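What follows is a short report on a single structure.
For clarity, every value in this text was computed on a predicted model and none was experimentally measured. Heavy atoms only: backbone and side chains are in, while hydrogens, waters and symmetry mates are out.
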Amino acid sequence: MHSTSLNPTQRANALDRLATVEYDILVIGGGITGAGIALDAQSRGYRTGIVEAQDWASGTSSRSSRMMHGGLRYLYQLDFPLVSEALRERGLLMSTIAPHLVRPQPFLWPLKTPVIERSYSAVGVGMYDALAVAGALGKRIVPTQKHYNREETKELFPSVDESLIVGSIQYYDSRVDDARMVIATVRAAVGYGADAVSRCQVIGFEKNEDGRVVAALAIDLETMTEFKIRAKHFIQAAGVWTEEIQHMATPDGGLQVLASKGIHILVPRDKIKAKTGMFLRTEKSVLFIIPWQYYWVIGTTDTAWHEQLRNPVPTAEDIDYVIEHANVMLNEEDKITRDDVIGTYAGLRPLLQPKVKEGSNKDSTKVSREHTTIEVTPGLIAIAGGKYTTYRVMAKDAVDMAIGDIEARRHPSRTETIGVVGADGFDAIKAQVHDLQGDLGIDESTLRHLLGRYGSEVEVIFDLIRENPALGERLEACPWYLKAEIAMAVLHEGALHLEDIFIQRVRLNSETRDRGAGAVDQVLEIIAPIMGWNDARIQEERTNYLNRVKAELLAERQTNDAGASAARGQAKEMVPMLGGN
């Protein structure tokens, strides 16, 4: 195995190879699907490169509900194959692929009527449990449903308005740190030998005399150096940028993708008194109240988005909508107000769009979540749609199509048994980690935090602290993060800029009221010496991020998407993409 570290040295070496060798497969897009494709292809023995125009996971894959779920509501649409597939993948993720990042999470489904609702809900949840067990070949990865009366429900979820319910059903799904899952998957691909480069944008394609795509024209956005990447097969997993990239290769055919915005809010953990999450059905979609160690994530919405794609933002109306629907089930004492919201974020779902007349306004909630893989033009495969939970299946399908049936049978996917970085040895490290923490003075809460983020790589964090005890100190502005986690982000996790750390690595952009502004100087003190930044670069990074924070807070006060997007656009990009979208 190769080193899995993502850092400036690894990036420079990978750039050199991208410009000089021919790959079997080049992956375009560094979200969870692209990362999964890179790992699938490289682990089969195909020489693979992956490029991402922004930071890893900077699109949809860091802006989800942070859940790996089978899609309980799709059972009521009778989409059994989709739910079955997702539940099987959920089991693999929790047991083998990423047990440190994908953790079981119980949810309550509140019941408002005593007999009919409990009966049909029990049937639906029972089918959900049965499909999960079947997908795990008879193993029970998570507990099955339990039924509670009003008093028992109140004990599990003290903040619930008990006058609205007769009881509840508890079922299990799982939660995930979505951005970390992507980074761990990219690193796993690099460990198998893949070349991975972020901030590298594909700006065109080159075809041979037969019309087959043989090279991608790329630009390193850090240096504005242009070069060609040659490959036998190209797979683009660009999410909401799917049409933009496929149109570089051909004006005809391909996939149509609708961008659907989903927003989430974060409130302090002590605001809602509960031992479990809650699942609510709304008139438009569903709403999850999801517990994390220090806060609750609540969402989501599902509305068409017609603005710029790079920085979707929630509006004041979006935030009020989520608060209003969460409050439906909360008692008067614990209802959420705007003052309780410590953070927000918005993401765009790349939903496959059926063929409709230009200008038609289709309700995005009716668009299929199933993925589609298509050869856009000879040599270029596109994949879109699907769910975060089924990324591995999407990756397998994309690689299979690229290499063809004969090669796919000769070199089948191996990723069912491959753990991402931090998964291998996770059970062993959990068994001995208390001994390891003793000499470092790490408390139980911090230990749980580190294990849930790094898995077996917690040893790397411990080594960083041993080498520099100051890294064992906490960030003043957000004390649940250690300084060592900031160093880890640039030494091993591919962060190239201050914003990469705050958004995809330690998530201060959404976990604190000031979006991490109060931690900027302390974080810069840690990373500037590692990255070799001079005073001018430090000031540039600081100014850029603080301007971003100002623009995001302004956007939250706007009443519509156009106004929110314009407000967000007042902040310049640290590394602008060509084309402006």
Side-chain angles (χ1 to χ4, degrees), residues 2-8 10-62 179 181-203 205 213 215-222 227-239 241-242 245 373 379-384 391-392 394-399 401-403 413 415 418 420-421 493-496 500 504 577:
H2 300 71
S3 168
T4 67
S5 295
L6 301 175
N7 53 45
Q10 168 272 331
R11 184 179 185 275
N13 292 336
L15 274 169
D16 286 343
R17 288 190 291 272
L18 284 171
T20 55
V21 307
E22 182 183 38
Y23 290 88
D24 294 314
I25 293 175
L26 179 74
V27 184
I28 303 165
I32 189 58
T33 305
I37 293 169
L39 177 57
D40 186 287
Q42 186 68 44
S43 63
R44 296 194 204 197
Y46 294 100
R47 186 159 196 176
T48 304
I50 177 172
V51 294
E52 161 58 45
Q54 304 175 59
D55 185 24
W56 303 114
S58 58
T60 307
S61 295
S62 62
M181 182 69 194
V182 176
I183 294 165
T185 306
V186 172
R187 291 184 60 193
V190 169
Y192 276 90
D195 290 318
V197 177
S198 62
R199 309 283 186 184
C200 181
Q201 183 178 354
V202 170
I203 56 175
F205 293 100
V213 175
L217 309 178
I219 183 169
D220 174 10
L221 295 176
E222 294 290 315
F227 60 99
K228 291 181 182 179
I229 309 174
R230 300 190 177 277
K232 297 173 183 175
H233 307 281
F234 296 81
I235 304 176
Q236 65 123 326
W241 286 273
T242 293
I245 291 179
T373 309
L380 176 63
I381 302 293
I383 185 165
Y391 81 89
R392 193 196 64 81
M394 295 173 67
K396 172 186 176 297
D397 290 350
V399 176
M401 176 172 281
I403 63 178
S413 176
T415 50
I418 293 175
V420 301
V421 169
E493 295 178 342
L496 299 176
D500 299 347
Q504 272 78 245
M577 291 170 59

Closest contact, heavy atoms only, [X] versus [Y]:
X      : Y      : value
Ala188 : Val420 : CB-CA, 4.0 Å
Gly49  : Leu18  : CA-CD2, 4.4 Å
Gly30  : Ile50  : CA-CD1, 4.3 Å
Ala384 : Thr242 : CB-OG1, 4.0 Å
Ala53  : Met577 : CB-CE, 3.9 Å
Gly34  : Val27  : O-CG1, 3.6 Å

#### Entry: side chain to side chain contact (heavy atoms under 4.5 Å, CB included), paired with Leu380, selected from Leu26, Val213, Ile235
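So, applying the side chain to side chain contact (heavy atoms under 4.5 Å, CB included) to Leu380 and each of Leu26, Val213, Ile235, only Val213 qualifies.
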
In Å and rounded to the nearest 0.5 Å, what is the [atom1] to [atom2] distance from [X] to [Y]?
X      : Y      : atom1 : atom2 : answer
Cys200 : Leu221 : SG    : CG    : 7.0 Å
Ile183 : Leu6   : CD1   : CG    : 8.0 Å
Arg187 : Glu493 : CZ    : CD    : 6.0 Å
Ile383 : Gln236 : CD1   : CD    : 10.0 Å
Gln54  : Asp500 : CD    : CG    : 10.0 Å
Thr415 : Asp40  : OG1   : CG    : 4.5 Å

Exercise for the section: With Asp195 as reference, evaluate Gln10, Arg47, Arg17 under the side-chain hydrogen bond (donor to acceptor under 3.5 Å, both in side chains) test and give the passing residue. Expected result: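 Single side-chain hydrogen bond (donor to acceptor under 3.5 Å, both in side chains) partner of Asp195 among Gln10, Arg47, Arg17: Arg17.
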
Look at Asp24 together with Arg44 and state whether they make a salt bridge at an N to O cut-off of under 4.0 Å.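 No.
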
Under 4.5 Å between any side-chain heavy atoms of [X] and [Y], yes or no?
X      : Y      : answer
Tyr391 : Met181 : yes
His233 : Ile381 : no
Ile245 : Phe234 : no
Ile229 : Val202 : no

Discussion item. Evaluate Ile37 against Thr48 for side chain to side chain contact (heavy atoms under 4.5 Å, CB included), listing each step before the verdict.
Written reply: CA-CA 9 Å; Ile37 293 169; Thr48 304; over 6 Å; no

Ser198 side chain vs Trp56 backbone, donor-acceptor pair below 3.5 Å =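 Answer holds: no.
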
Query - Under 3.5 Å donor-acceptor, Ser62 side chain and Gln504 backbone - result: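 No, because the side chain of Ser62 does not come within donor-acceptor range (under 3.5 Å) of the backbone of Gln504.
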
key: Worked check of side chain to side chain contact (heavy atoms under 4.5 Å, CB included) between Asp55 and Arg199   = CA-CA 6 Å; Asp55 185 24; Arg199 309 283 186 184; 4.0 Å; yes

Begin from the C-alpha positions of Arg11 and Leu496 and carry the test side chain to side chain contact (heavy atoms under 4.5 Å, CB included) through to its verdict. CA-CA 10 Å; Arg11 184 179 185 275; Leu496 299 176; 3.6 Å; yes

Next on the checklist: Between Lys228 and Leu217, does the side chain to side chain contact (heavy atoms under 4.5 Å, CB included) criterion hold? Intermediate values first, please.
Outcome noted: CA-CA 5 Å; Lys228 291 181 182 179; Leu217 309 178; 3.6 Å; yes

